[in-house]
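Every chain is numbered from 1 and lettered A, B, ... according to where its sequence line falls, protein lines coming before strand lines.
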Amino acid sequence: MIPQSHFLLLGAALFSIGIFGVLTRRNAIGILMSIELILNAANINLITFSKFSDNPDGLGQIFALFVIAIAAASTVVGLCLVISIYRNSKTILINKINLMKW
Amino acid sequence: MNIVESIRFVMPEIILLVSAIIILVSSLFIRNKNALGIFALSAIVAASLYLPQSHKTDTVLFFNMLTSDSFSLFFKEISLFVAGIVILLSMGYKELTEKYIGEYYFLLLNGTIAMMLAVSSNNLLMIYLSLEMISLISYLLVAFLKNNTLSSEAGLKYFLFGALSTGIMLYGISLIYGLFGTTDLSIISNAVNAGQINGLVLLLLLLMILAGLSFKCALVPFHMWTPDVYQGAPTAVTAFISVGPKAVGFAVLLRIFTNNFFPLYANWVGLMTLISIFTMTVGNIIAISQTNIKRMLAYSSIAQAGYMLIGLVVGTASGMEGILYYILAYVLMNLGAFGCVIIVSNSIKSDAIEDYAGLHKKDPITSFMLSIFLLSLVGVPPLAGFWGKFLVFTAAIQSKFILLAIAGVLNSVVAAYYYMRVIKYMYLEEPKMKDISPKSAPLQIAVAILMAGVLIAGLYLTPFLNWIRNSQSFLSQ
Amino acid sequence: MVNLAHLIPVFPFLAFVINILIGRRVRRYSALISILGSTISLCLSIYTLVWFLKGSGSYTLFKWLILGGISLNIGVIIDPLTCMMLVVVSTIGTLIQIYSIGYMKDDVRFSRFFAYMSLFMSSMLGLLLADNFITLYIFWEGVGLCSYLLISFWFEKLSAARAGMKAFITTRIGDTGLLVGIFILIFSAHTVYFSDLANLSAASPLLTAAALLLFCGAAGKSAQFPLHVWLPDAMEGPTPVSALIHAATMVAAGVYLVARCFVLFSAQAPALIWVAYIGGITAIFAASIATVNNDIKRILAYSTISQLGFMMIGLGVGGYSAGTFHLMTHAFFKALLFLCAGSVIHSIHTQDIRDMGGVFRKMKITGLAFVIASLAISGIPPFSGFWSKDEILSEILRKGHPFLFAIAMVTSLLTAFYMFRLIFLVLFGKPRTEIHPHESPKVMTVPLGILSVFAIFVGFVGSPFMNHAFQKFIYLGQSHESESMKPDYLVMALSTLLASLGIGIAYLLYVMNKSILPQRIRRHFTLLYTIVYNKYYIDEIYDFLFIKPSIRLSRLASRFDLGVIDGAVNGVAWIFVILSRISSWIDRNIVDGTVNMIAKIVGLFSLILRRTQTGYIQTYLLIAFFGLAVIIFIKLIGG
Amino acid sequence: MMSGLIQLLNNHGISHEVIIKATFYFIAGVTLLFALFVVLARNIFHVAVYLAITILGIACVYLYLDAEFLAIVQVLIYVGAIVTLFIFTIMLTADIDTGSIRGIILRVLVSALVSLALFFILVRVIVMTNWKVALPGNLPIDLPQLGKSLMLDYALPFEVISLISLAAIIGAIVIGKAEKK
Amino acid sequence: MSFPIMTCIVFLPLAGGLLILFTPKKNVGLIKTIATAATGAALILSVVLLFNFDYAKSSIQFEECLRWIPSINISYHLGVDGISIGLVFLTTLLSFLACIGSYDIDIRQKEYFFLYLLLSTGMLGTFVALDLVLFYVLWEIVLVPMYFLIGIWGGPRKEYAAIKFFIYTLAGSIFMLLGILAFYFTSTPHTFSILELGQTTGALSLSMQIIIFIAFYLGFAVKVPVFPFHTWLPDAHVEAPTPISVLLAGVLLKMGGYGFLRISFPLLKDAAHYFALPFAILGVVNIVYGAIVAMAQTDFKKMVAYSSVSHMGFVMIGLASMSVTGVNGALLQMFNHGIITGGMFFLVGVLYVRAHTRDLNKFGGLGVKMPVYAGLLIVFSLASLGLPGLSGFISEFMSLLGSYAEFQLTTIISVLGIVITAGYFLYMLQRVLLGPLNEKLAGFSDMSKREIFVLLPLMIIVILIGVYPLAALKYQMATIEAFIQKIGGGVF
């Protein structure tokens, strides 16, 4: 069968990609999407562990379930923030949002 | 303990929840800021009155999801206090329009609930959820002035930073789950005591957990959102996020690190020392050159977090005592400072420090109170802030963290400069501002309460110390 | 009989207090108050003298201070020296105060003057009565203060103000020596009492040092050679002051101190020799200046210095009685001289002898007194000066110091010369400028008369005719008797000869051929003359060596204080501000800051980097992550 | 459906093992590829689509972990809700271009460096750690059990989630709603 | 417990201050009355204290001890002994006089007098606190009102001076805090009580003592001020209003010396012996350096300020000698310097009110116009240049004598300092009083009744102590004896 570590590696890769995206995307929505990747990476871990763990109480899956829910909620919040910033300053490009510095 | 039995232990939260919903609904008909505010306040009061009954003995609730011990009780009380004060401040805060006031209070109360859950949760799952809840709500509150560009910009920044750091924490939690096969802290701590865990993994885990928590506590290197968010947010909200989430963050930090992960002390002490020194130094040094008082207070709050961390680094009972007292004092004086800032900005419509020139002439009481709070932040005896530092340094010296202590005192000297600068403007400069508008009662009540707190906690701190003593009973060590 | 000696200083002090408080109201009567005060103390002094002759002595009053082991009691010392001085001082003091009524008649601060005079009287008498070094030091400074106040009494004149300051500081320099000397005595001999000095007969370098340091103090007060500069300037003060303080009493305090500690000095031979030679140098040096000076009071001042030097020689060679004897006689005739000069000045309002002349015709009494005094100081028998000076000379010879003897001889020659130069130029000949001398009022002339009597006869108490009553008296209670009482006629003859020679030269130069000769001499010895005329440039040298440098130093120091030390502090603050600027700048264009750093790690793209310009959330995140990564790496490398 | 496919392949002599492995790595590869597209693509619209595909890939991975329920939830919530939200927002904000490329290269490189570093650390950790591993193939968690534990052990988190969603929605409405001024 | 006289003395001023907070801003007269009454009452009580003080005893008297923070046994512990009683009297006296002296403060009187009274409470407390934490708290309390008093009512560069003073002293004292904590943990049982520490800390290792000593030194040296740390003083003195300069020079500087005498030396005697020589050398530097710098000043106040630097040097050499005479001298010197320099600053103020300048070169010949002023100025100057018969001499003499027993050379150098002191004081007198009258000053009036009333008591004390030093010494001698026996010093 497929060893546990391969799943984890997949998760790790997703995680890193997500981080990369968060750091490089100029578009606020793009950043949100990258964050989704990170959450998914975590989910993969959780589910993997719940499969391979010795007490099959399904905690991992449930956790993942909650994470998905949280993801939904936070996406909602994030997007509404994006919209409001767009309404105020007609852009969602992170590199144009810099009224407050130093 | 099963759900039905557990319910009565979370009555305060339930009270808040119910009243929050009532407010939400009633706000469809009533849009009176003060009326709703007073209702929310009464809810808080009711909750805090009920709080002691809800906690008799240390127990675990909801199948070990929550633990109800004196430590959590302490922080629940703090959270309620903060919420109450913030409601008072919001009632007096002009920027906050009455249009969405119902939703505002609803979110605030939910935030309070989240804080109370976070400080008592005994399970990484619960910790994650409640922290997320706090975060989401604070993002929304920060961006609450929807037509204010700064506000929504702050909200977005806050969101992005928070989402990422909690994401990292989540990943860390998933790894922990992988390591121990559970997210129940009590079980984990047994496992940790058993030992045999690879150093690197541990480090990674600690860091990933820290990422989430130091975002909440604004510790270096997760501090950079602070000034922008503090500046952009409605000042009442700034006051809230500068103490509420921070206190919660520290609560969780303490619970995890001094209780569950304490056997790994050797692994994290160096790390924490580093973070602590960096945090206070960066905060203080940058604060010197700030011109906006909210930003200045933001950096100062970073620095204050650094001092608090000393208590954690020391890791002894007295260190714990110090940090708890410090948090108490910090809540009092920081809220107070922001309260005064609100009072001033209400009348002069500015947060620039230069515009505070000659405030004493126009508004002696406020400037007096603000100076008291600032002096307390400097750490001038016999104000509360001094005893915070005193206890923390005591702990540091006791366990021979001499350099840390010296770093601390040097920092507090540097800090004196920028706090005194505000005082200088208020008292030593000639006023430029026009006459100030009349002040709202709730604000003054709030600030008065806080100042009384600062003075009392400074002059007669025995009861507070005893309270804290009891609150850290669970500590191993 | 009861102890009243300790009351002697009290009455003048009371007079001082009264005058200071209500002086300006009672105005004229303040003089009477002072005179009353000093008269009472005169009576008391005589009483004390008698009482002493009846054979009782010192006594202590009350505990005053506790210094470690020593508990210091205030007491009075009653011995020949003190009694003699007491009588002399109070007599002269009283007379001069009477004289001052006339002299200071129309001065605005009349009462203040008498207040100061009384203060001086009380502290001078206290000084004489002090039975230990610390009390002595206190009164020592006290008289110093009075001299300061009185020298700069006419402080509207800047020169007067300066002179006072100069006097105080110069003497203070000596006093520091005195203080350290006292310290050494306290720690090496564990005493501050004069009575215990007798026990310190053993010669030890430390005690020698102590003696020399004490002599520093004495030199300061008595204007001995290196520290003499203040006395001539002190003549800025009113003439009675010069008479009382800077001729008769205070300046004699130095000599008194040496005499007082004579046992100590005589035990330390080297110290004693120092005293003698310093005295010698001073004597001849001052006398030489006096010969060419043209200010009547300054001439007298220099003569005072030289006479004090004379006394020092006397003491230095071990002539205790000789020194003290001359001290007494000198007090009288020098006071007399000053008072005469005063009355001359009072009448013709100038001090430059070149403007005077022929005063005698108008001022018989003054002139007469003047002449008497001059004869006395020149040492013409049978005037008082003769006996005491002769005593000293013979003592020098007997102790075998030919060199010092020569000096003394020359000095006495010069003394006679410059005194009579003065006499001839002032009293006789024709007025050289428009002056209208007139005799001074009774209140001034009477004291002159009395003093003249003293100047003539007081010498006899030490003369063979009264077979050296004074010497016998002065040795009462003293252990050893070093000096022989038989007169040395050779020396007598020699000194008289020299004195008359001096007078002769003066006559030759200034009467016979109306000061043509002086010009010629001057022309021949131009260099010597200018040097001497400028007082050997001592003041200039001091100015160059000490005063200017010290002022420069202080300026420097204060600049240093502002610049460096304070600068350092501000520097730190400045560094902090800069630091904060820098770090907030880093915070600002954080990418520049940090990414530069990374770039150095990566070693790439530094050029593009510098152009990147953000301050945005992603940057913050980047930093956060970078921090995280760094920490991990550190830990990884760590272990 | 899976089982049918596997049956078919079996008939052509490809072993059960191999097929599973091959398909898994294929899916994983695709997922990662599209994940990369998500962070790299220029057009934000496309990005949304790629995200959807990635999500689907992950859902498939869940299948390999015997978490059918989660796979379904994943598809429903993510693709059904979240991605749709994204697309709506993109339309609302109508800011397609991803900003100028100038000065971005460096950020990209640095970020790449950081994330790669992280990746390698993670790899090292994952490989060298001895995870609590039981023999695979213990019976999968069946749905009823999940439901039960949701209702019992995890009742509180469940409530909290609902609270969070409520708060989020309320807040979103307040802030997202357009003001007419 | 009997009548809590210490508490009353310390907190009467504060009570007055709180009362002032509730009086209307307009009613200046009432405010002044309250302030005067409060300080006056404190003065009276301290006189009562003087009369009831048993100066044969070397132990603490009028002790008051309450538990303040039992958990880390910090206690509210007050009391006086020979060391502190003089300073308490000095403080109450100067506070009272300076309070009268501040009647001509013309702006923001309400704040002024409130802060003023707070200040005097802080100072008094510092001298009688017997618990290190209490000591520290009161010590720090002094900072804040001082900051405002300089910063608001000060001269042109007041803000700079104020913040400089604040940061400087804070930096010093914060290290003192660490020292206090170190004491707490090195002592068994853990305690902050100075008295208990007095018994226990003999056990401390030398190295530990040295560390703690340095920590405290930083705190005290800034206040004294010792040579490199003195530069806050000229600025603060010059900028501060007259009454505040009086308190600065008269009392605040003493807090440093008192700290050495109360904490550093008795509690860390080995370290004290270890540092004796450097201490003495620094003292000499203070004396000579301060004097030299003072000579160059043209600003009257600055000159006096530097003269205090010089005078505090005597305190240091006296302490360093650790001999009965020396320490007695040092303590007496603190008292005398407080009186004399306080008077000096008053006199400067008198002149400043009339001339609105302190430039010495702008005066001259005032002796004619202002005879009373001249008399007083002369008396205080002479006292401060150490003229025998006035108080300054006794203490300087004793300090020098004591230190001569230990360090001959340094003592001799500092004796030379006396000459310089005489120099610049006389130079000052000459420039102010003597010489031809500067006609710009012709309109000056002599001192007013109030000014004379303020200065008279000081002058009386100066003369009294000068003539009969035992009057002051008797209070402290027994205590100092015990002190020396404790730390093991010489007789002289």
What distance do [X] atom [atom1] and [Y] atom [atom2] have between them, rounded to the nearest 0.5 Å?
{"X": "L70(D)", "Y": "Q61(A)", "atom1": "CG", "atom2": "CD", "result": "5.0 Å"}
{"X": "C80(A)", "Y": "I169(D)", "atom1": "SG", "atom2": "CD1", "result": "11.0 Å"}
{"X": "L65(D)", "Y": "F52(A)", "atom1": "CG", "atom2": "CZ", "result": "6.5 Å"}
{"X": "L40(D)", "Y": "T24(A)", "atom1": "CG", "atom2": "OG1", "result": "7.0 Å"}
{"X": "F37(D)", "Y": "I17(A)", "atom1": "CZ", "atom2": "CD1", "result": "11.0 Å"}
{"X": "D66(D)", "Y": "I47(A)", "atom1": "CG", "atom2": "CD1", "result": "11.0 Å"}

(request) For Q74(D) and N43(A), test the side chains for any donor-to-acceptor distance below 3.5 angstrom and give the result as yes or no. (result) no

(request) Below 4.5 Å from any heavy atom of chain D, which atoms of L46(A) appear? Answer side chain, backbone, both or neither. (result)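 Neither part.
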
Contact class of [X] relative to chain A, heavy atoms under 4.5 angstrom:
{"X": "A48(D)", "value": "both"}
{"X": "I58(D)", "value": "side chain"}
{"X": "L36(D)", "value": "both"}
{"X": "I77(D)", "value": "side chain"}
{"X": "I173(D)", "value": "neither"}
{"X": "A81(D)", "value": "neither"}
{"X": "Y62(D)", "value": "side chain"}
{"X": "F158(D)", "value": "both"}

(request) Under 4.5 Å, counting heavy-atom pairs only, tell me which of S84(A), G21(A), A12(A), A28(A) racks up the most with chain D. (result)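 Result: the option with the highest number of such pairs is A12(A).
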
(message) If you count heavy-atom pairs within less than 4.5 Å of chain D, which of I31(A), T75(A), V77(A), I19(A) leads?
(response) T75(A)

4.5 Å side-chain heavy-atom contact, [X] and [Y]:
{"X": "F86(D)", "Y": "V82(A)", "result": "no"}
{"X": "L65(A)", "Y": "F69(D)", "result": "yes"}
{"X": "V39(D)", "Y": "L37(A)", "result": "yes"}

(request) Check ring pair (Phe, Tyr, Trp, His ring centres under 6.0 Å) between F15(A) and all other residues, then give those that pass, not counting sequence neighbours. (result)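 Ring pair (Phe, Tyr, Trp, His ring centres under 6.0 Å) check on F15(A) returns Y171(B).
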
(request) Go through the steps to decide whether Y154(D) and F66(A) satisfy the test side-chain contact (heavy atoms from CB on, under 4.5 Å), and finish with yes or no. (result) CA-CA 10 Å; Y154(D) 303 102; F66(A) 287 134; 4.2 Å; yes

(message) Would you say the ring centers of H6(A) and F24(D) fall short of 6.0 Å from each other?
(response) no

